[in-house]
Amino acid sequence: MTGGNDHHGHHHHHDDHDHHHDNDHGSHLSQTDARVRALESILIEKGYVDPAALDVLIETYETQVGPHNGARVVAKAWSDPQFHDWLMRDATAAIHSLGYIGRQGEHMVAVKNTEREHNMVVCTLCSCYPWPVLGLPPVWYKSAPYRAKAVRDPRGVLADFGVTLPEGKEIRVWDSTAEIRYLVLPERPEGTDGWSEEELARLVTRDSMIGTGLALTPAELKEQGA
Amino acid sequence: MKPSNLAGAPTPLPPLENLPQHDGEPVFRAPWEARAFALALELHGRGVFTWSEWAETLSQAIRDAQSRGDPDCGDSYYEHWLVALETMITRKALTSADRIDARQDAWLRAAAATPHGEPIELGRDGAPVPPA
């Protein structure tokens, strides 16, 4: 892999600068890129990691694991009362039953939004996140401003995300750990009676499962699709 | 948290500025982030460390960066991750910091000796590759 960090900006501003004059001075790696290659080549040579396994992991996280997994969990919980109860009682097992299995041995807990209560997830220490159902965390989730503000001023965070909750609604903030990861079960939007699980899953955004957003309404979904 | 915040309404903090807040951002922003990520998962998968140990080491790396003035806005996350990975590798004596330094230099020399556009391979500069 040659990486995306090759630098040759001191040449011309022509569109074709990739193809001229570069052969006389070789390629450039950033210090960081070279550092990671150093670690990887050492670990492979010593047999601590398998290069093929690394490729599979990256491919999996780039293409297969993402918020669509969590959306399926939520849609099923909205549609199937038995699954709902199982999810609330033992989220780890219920989620595993759909084939979403973590590698870090994390224990999953589902927290449910209701008319009276809104839940929001943060990891104040190091951005622990429910990878099997949401993929890898977005940049803002990993930022110190979010981590600090979610705990001190959750309503303000929601406002930053353009979400206003009714005055009386209580907000609970859940701090993830290496052992416990939370998944927010958002409220099912009005006007979705009779929708299939596949249709419902399209209403479930990543942010609604972190608690910095709500599930889309049918009207919002239509707007997005337009 | 100030005690006054516990009693009344919390003082609003400034908005979360400059943070991309939408779905659909790339999982990794550079290939090295993906490699560093996968290396930690693979070492954990092989039982080199527990996930609690990892989370603790990563938290420490983040705190250290913050105390050095990193605004820690999420974009430096994989830099912290890399620091934690290196800490773990040397703590578990899989190799030494000196050897990592030497190997890093070897990669930089190899890159400089590789015509642009060709894959960079260790040893391309003709010098012996330092031991793992």
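Every chain is numbered from 1 and lettered A, B, ... according to where its sequence line falls, protein lines coming before strand lines.
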For [X] against [Y], the heavy-atom pair lying closest together:
| X | Y | result |
| --- | --- | --- |
| A/Val36 | B/Ala36 | CG1-N, 4.0 Å |
| B/Gln66 | A/Ala144 | NE2-CB, 3.3 Å |
| B/Cys73 | A/Val139 | O-CG1, 3.5 Å |
| A/Ile42 | B/Ala132 | CG2-O, 3.4 Å |
| B/Glu42 | A/Leu57 | N-CD1, 4.1 Å |

Tell me which of these, B/Ile62, B/Val129, B/Leu94, has more heavy-atom pairs under 4.5 Å with chain A than the rest. B/Leu94
Most contacts with chain A, counted as non-hydrogen pairs under 4.5 angstrom, among B/Ala113, B/Ala61, B/Ala38, B/Gly45: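 The candidate making the most pairs under 4.5 Å is B/Ala38.
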Just so I know, are the side chains of B/Arg46 and A/Tyr48 near enough to count as touching, which here means a heavy-atom distance under 4.5 Å? no
Would you mind checking which part of [X] comes under 4.5 Å of any heavy atom in chain A, side chain (CB onward), backbone (N, CA, C, O), both or neither?
| X | value |
| --- | --- |
| B/Asp70 | neither |
| B/Leu39 | both |
| B/Ile100 | both |
| B/Pro71 | backbone |
| B/Trp54 | neither |
| B/Arg63 | side chain |
| B/Leu122 | side chain |

Show, in sequence, the C-alpha distance, side-chain angles and deciding distance for A/His28 and B/Leu108, and conclude whether the side chain to side chain contact (heavy atoms under 4.5 Å, CB included) test is met. CA-CA 7 Å; A/His28 179 88; B/Leu108 291 169; over 6 Å; no
Which value, rounded to the nearest 0.5 Å, describes the distance between A/Leu43 atom CG and B/Leu43 atom CG?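 With rounding to 0.5 Å, CG (A/Leu43) is 5.5 Å from CG (B/Leu43).
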Could you measure the distance from the CZ atom of B/Arg109 to the CG atom of A/Leu29? Nearest 0.5 Å is fine. 12.5 Å
Given that the side chain runs from C-beta out, which part of [X] has a heavy atom under 4.5 Å from chain B: side chain, backbone, both or neither?
| X | value |
| --- | --- |
| A/Arg147 | side chain |
| A/Leu136 | side chain |
| A/Leu54 | both |

Examine distances only and state if a side-chain atom of [X] and a backbone atom of [Y] form a donor-acceptor pair shorter than 3.5 Å.
| X | Y | value |
| --- | --- | --- |
| B/Trp107 | A/Arg37 | yes |
| B/Thr114 | A/Ser27 | no |
| A/Lys142 | B/Asp75 | no |

Between A/Arg35 and B/Asp105, does any NZ, NE, NH1 or NH2 come within less than 4.0 Å of an OD or OE carboxylate oxygen?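 Judged by the 4.0 Å cut-off on N to carboxylate O distance, B/Asp105 and A/Arg35 do not form a salt bridge.
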Any ion pair linking A/Glu45 and B/Arg103 (charged N to carboxylate O, less than 4.0 Å)? yes
Any chance you could lay out the side-chain hydrogen bond (donor to acceptor under 3.5 Å, both in side chains) test for A/Glu179 and B/Ser52, step after step, and finish with the verdict? CA-CA 7 Å; A/Glu179 288 86 22; B/Ser52 297; 2.4 Å; yes
Could you go step by step and tell me if B/Leu41 and A/Trp131 meet the side chain to side chain contact (heavy atoms under 4.5 Å, CB included) rule? CA-CA 12 Å; B/Leu41 259 63; A/Trp131 295 354; 3.6 Å; yes
Take atom CZ of A/Arg155 as the centre, draw a 6.0 Å sphere, and report whether it contains more than 12 heavy atoms from other residues, nucleotides or ligands.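 Counting other residues, nucleotides and ligands, CZ of A/Arg155 exceeds 12 neighbours.
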In terms of heavy-atom contacts, does CD of A/Glu187 have more than 12 from other residues, nucleotides or ligands at under 6.0 Å? yes
Walk me through it: do A/Asp33 and B/Gln104 pass the test side chain to side chain contact (heavy atoms under 4.5 Å, CB included)? CA-CA 9 Å; A/Asp33 196 332; B/Gln104 181 184 19; over 6 Å; no
Under the side chain to side chain contact (heavy atoms under 4.5 Å, CB included) criterion, do A/Leu39 and B/Leu82 qualify, and how do the steps go? CA-CA 10 Å; A/Leu39 295 177; B/Leu82 177 57; 3.5 Å; yes
Partners of A/Glu199 by salt bridge (Lys or Arg N to Asp or Glu O under 4.0 Å), sequence neighbours excluded?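 Partners of A/Glu199 under the salt bridge (Lys or Arg N to Asp or Glu O under 4.0 Å) test: none.
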Can you confirm if the aromatic rings of A/Trp140 and B/Tyr77 lie within a centre distance of less than 6.0 Å? no
